[in-house]
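To start, the structure itself, in structure tokens.
Basis for what follows: all heavy atoms, side chains included, without hydrogens, waters or symmetry-related copies. Computed from a prediction, not measured in an experiment: that's the story for all the values here. Proteins come first, then strands; the chains are lettered A, B, ... in the order of their sequence lines, and each starts at number 1.
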Number of protein chains: 2
Amino acid sequence: MNIHKLNKIFDHRVRLGIMSALLVNDGVNFKFLKEVLDVTDGNLASHLKTLEENKFIKVEKGFIGRKTNTTYKVTRAGEKAFKLHLTALEQMIKNLQ
Amino acid sequence: MNIHKLNKIFDHRVRLGIMSALLVNDGVNFKFLKEVLDVTDGNLASHLKTLEENKFIKVEKGFIGRKTNTTYKVTRAGEKAFKLHLTALEQMIKNLQ
DNA sequence: TTATTTACTTTGTATTTCAAAGTACTTTTA
DNA sequence: TAAAAGTACTTTGAAATACAAAGTAAATAA
């Protein structure tokens, strides 16, 4: 069974959502993620941290005018790992039909 | 985003694996699950318990000859919930391609 | 009869998840 | 311009979950 191809980090639906959002949007901010995923600040922050610690996303801190601006982007490794995960999921689903 | 259609219970890959195995096999035992999922006894037991508490699987205890035999089966509710989950996953994946 | 194996269950710790409160600004209002 | 409110996170600690090791009870083998 290809459960072993699934990545533990992407088990959680919030992290799945973050990765999806980053793959299609290429540079996303905290507020956007918070709204789209409908999670609390602390919860979102901790999932982002997990993804960052695993080098699946990178955090870019800068300014827009004089306001701090943080954007989250997917890394190469993150994209690769996530796509492998999705492929494994797809296979699992396919085998059920 | 359809993360909200994902079921928290099916987040974990071991439970995803259990449900998949039950959907295609219709009546499965502890040993089989343990081997196919490659988990420890205690770990498997606790995931089975979670699924049972949520009424997604049912446990049938009986005998084969004089040996106890336990089989795990998916319930109607479990099948329904799992299929909804898979549909949501499929949608997510589709939207990324 | 004793030892071993099988099929789980129990137990306790480690890890993860989560929301509330905190911080360090910036912006608005009086 | 001083105080109040808002924004964008971070920190903290408790609650929930995951996990492996040890335990148990029955069957089978030696």
Side-chain angles (χ1 to χ4, degrees), chain A residues 1 3-4 6-22 25 27-73 81 85, chain B residues 1 3-4 6-22 25 27-73 81 85:
Chain A
M1 196 180 279
I3 293 171
H4 307 104
L6 295 177
N7 192 319
K8 174 184 159 69
I9 303 300
F10 302 133
D11 266 358
H12 200 286
R13 66 205 179 291
V14 170
R15 292 193 295 266
L16 211 68
I18 293 171
M19 292 303 289
S20 299
L22 293 194
N25 289 296
V28 137
N29 63 34
F30 196 88
K31 193 187 177 194
F32 173 81
L33 285 173
K34 196 188 151 187
E35 284 170 2
V36 90
L37 300 172
D38 189 31
V39 284
T40 57
D41 294 24
N43 196 194
L44 177 55
S46 72
H47 286 300
L48 286 169
K49 196 178 167 208
T50 300
L51 290 170
E52 199 194 347
E53 282 168 355
N54 283 275
K55 314 261 191 220
F56 290 160
I57 66 170
K58 59 194 169 195
V59 183
E60 294 179 2
K61 292 189 183 251
F63 286 89
I64 290 184
R66 49 205 339 267
K67 276 193 81 170
T68 57
N69 177 259
T70 308
T71 48
Y72 301 93
K73 292 185 180 177
H85 183 82
Chain B
M1 194 180 279
I3 294 173
H4 306 104
L6 295 177
N7 192 320
K8 173 183 161 67
I9 302 300
F10 301 132
D11 265 358
H12 201 286
R13 66 206 178 290
V14 171
R15 291 193 296 265
L16 213 65
I18 293 170
M19 292 303 289
S20 299
L22 294 195
N25 290 296
V28 139
N29 63 34
F30 196 87
K31 193 185 177 196
F32 173 81
L33 285 174
K34 196 189 151 185
E35 283 170 2
V36 89
L37 300 172
D38 189 32
V39 283
T40 57
D41 295 23
N43 195 195
L44 176 56
S46 72
H47 287 300
L48 286 169
K49 197 178 166 207
T50 300
L51 290 171
E52 200 194 346
E53 282 168 356
N54 283 276
K55 315 260 191 220
F56 290 161
I57 66 170
K58 59 194 167 194
V59 183
E60 295 179 1
K61 294 191 181 248
F63 287 88
I64 290 184
R66 49 207 336 271
K67 276 194 82 170
T68 56
N69 176 259
T70 308
T71 49
Y72 300 94
K73 292 186 179 176
H85 183 81

For the residue pair His85(B) and Leu16(B), establish whether any side-chain heavy-atom pair is separated by less than 4.5 Å.
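Sidechains of Leu16(B) and His85(B): in contact.
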Can you check side-chain contact (heavy atoms from CB on, under 4.5 Å) on Ile18(A) and Tyr72(A), steps first, answer last?
CA-CA 9 Å; Ile18(A) 293 171; Tyr72(A) 301 93; over 6 Å; no
Identify the two heavy atoms, one from [X] and one from [Y], that lie closest to each other, and give their separation to 0.1 Å.
| X | Y | answer |
| --- | --- | --- |
| Met19(B) | Phe56(B) | CE-O, 4.1 Å |
| Lys34(B) | Asp41(B) | NZ-OD1, 2.7 Å |
| Gly17(B) | Ile3(A) | CA-CD1, 3.1 Å |

Kindly say if His12(B) contacts the phosphate of dC19(D), meaning a side-chain N or O under 4.0 Å from OP1 or OP2.
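The answer is yes; a side-chain N or O of His12(B) sits under 4.0 Å from OP1 or OP2.
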Between residues 31-47 of chain A and DNA chain D, which residues have a heavy-atom gap below 4.0 Å?
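When residues 31-47 of chain A is checked for heavy atoms under 4.0 Å from DNA chain D, the hits, listed by number, are Lys31(A), Asp41(A), Gly42(A), Ala45(A).
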Could you check which residues of residues 48-72 of chain A get a heavy atom under 4.0 Å from DNA chain D? Sort them by number, please.
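Of all residues in residues 48-72 of chain A, the ones placing a heavy atom under 4.0 Å from DNA chain D are Lys61(A), Lys67(A), Thr70(A), Tyr72(A).
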Roughly how many Å is it from [atom1] in [X] to [atom2] in [N], rounded to a whole number?
| X | N | atom1 | atom2 | value |
| --- | --- | --- | --- | --- |
| Asn29(A) | dT10(D) | CG | P | 13 Å |
| Lys8(B) | dA15(D) | NZ | P | 16 Å |
| Asp11(B) | dA16(D) | CG | P | 17 Å |
| Ile3(A) | dA18(D) | CD1 | C1' | 16 Å |
| Arg15(A) | dT15(C) | CZ | P | 15 Å |
| Phe30(B) | dT6(C) | CZ | P | 14 Å |

With rounding to the nearest 0.5 Å, note down the distance linking NZ in Lys61(B) to OG1 in Thr70(B).
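Going from the NZ atom of Lys61(B) to the OG1 atom of Thr70(B) covers 4.0 Å.
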For His12(B) and His47(B), take the angle between the two ring planes, folded into 0 to 90°, and tell me which bin it lands in: parallel under 30, tilted 30 to 60, perpendicular over 60.
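Rings of His12(B) and His47(B): tilted, 30 to 60°.
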side-chain contact (heavy atoms from CB on, under 4.5 Å) partners of Glu60(B), counting only residues at least two apart
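Listed in chain order: Lys58(B), Thr71(B), Lys73(B).
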